[in-house]
Amino acid sequence: MKIYAGCDHAGFKLRTAVMEHLREKGYDVEECMSHELNDDDYYSDAAYEVADKVAKDPNSKGILICGTGIGMSIAANRNRNIRAALCHTLYDAELTRLHNDANVLCLGERVMEKELALEIVDKFLTTDFSHFERYEKRIERLK
Ligand code: RB5
């Protein structure tokens, strides 16, 4: 599965760890913005790049990391084909795949230990959408 991974300066360290973790597991990971640590970068630039790429590649997923994950989720969800979920727990990650068919995972480096973040990433990427009719209908209403 292709993974588009973006971050701003506040998510740079965790994004590096996530990319390394996923590449070790055999995922095809594309580094999106930001490519270097720059305190003046904008989370919205990374979010728009990842959202655009995921929207054009339906079998892919996106991962966006900033300080809290909040800015990334706000920005990514401006794309109508994106369902970006800010997750703090394994339960969040599991349910947002099962119920929302979320295609972008947002994380906050400043609010989470690396180990938990990597577990959340794994849960998000290995949980399939349930395809229950009631969840499909709810997603349809988002458009
Ligand atoms: C950057 O300082 C920080 O505001 C940003 O990474 C993010 O947390 C915004 O939601």
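Hydrogens, waters and symmetry mates are skipped; everything else that's a heavy atom, side chains included, is used. As the structure lists them, so they are numbered: ligands from 1, and atoms in each ligand from 1.
- Clustering of Ile, Leu, Val, Met, Phe, Trp and Tyr side chains at separations under 4.5 Å places L98 together with Y91, L95.
- Protein heavy atom at the shortest distance from atom 8 (O) of ligand 1 is T68 N, 2.9 Å.
- Nearest protein heavy-atom contact of atom 5 (C) of ligand 1 is D8 OD2, 3.4 Å.
- The distance criterion of under 3.5 Å between nitrogen or oxygen atoms is met by G67 with respect to ligand 1.
- If you look at A10 next to ligand 1, the close heavy atoms, those under 4.0 Å, all belong to the side chain.
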- [ ] Give the C-alpha distance, both sets of side-chain angles, the deciding distance and a yes or no for salt bridge (Lys or Arg N to Asp or Glu O under 4.0 Å) between E109 and K13.
- [x] CA-CA 8 Å; E109 179 180 315; K13 199 170 153 196; 5.7 Å; no
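- E119 has no carboxylate O lying under 4.0 Å from a charged side-chain N of K123, or vice versa, which leaves the two without a salt bridge.
- The other members of the hydrophobic cluster of Y4, by chain and number, are Y43, V50, V54, L64, M72, I82, V104 (side-chain heavy atoms under 4.5 Å, ILVMFWY only).
- No side-chain donor-acceptor contact under 3.5 Å links T96 and D92.
- Those atoms of ligand 1 with a heavy atom of Y43 less than 4.0 angstrom away are 9 (C).
- For atom 7 (C) of ligand 1, the nearest non-hydrogen atom of the protein is C66 SG, 3.4 Å.
- D41 approaches S34 most closely through the heavy-atom pair OD2-OG, 2.8 Å.
- Annotation: atom 3 (C) of ligand 1 to nearest protein heavy atom, R110 NH1, 3.8 Å.
- At least one N/O-N/O distance between G71 and ligand 1 falls below 3.5 Å.
- Counting protein heavy atoms only, atom 1 (C) of ligand 1 is closest to H9 NE2, 3.6 Å.
- Nearest heavy-atom pair, C32 versus G6, reported as atom, atom and distance to 0.1 Å: CB-CA, 4.3 Å.
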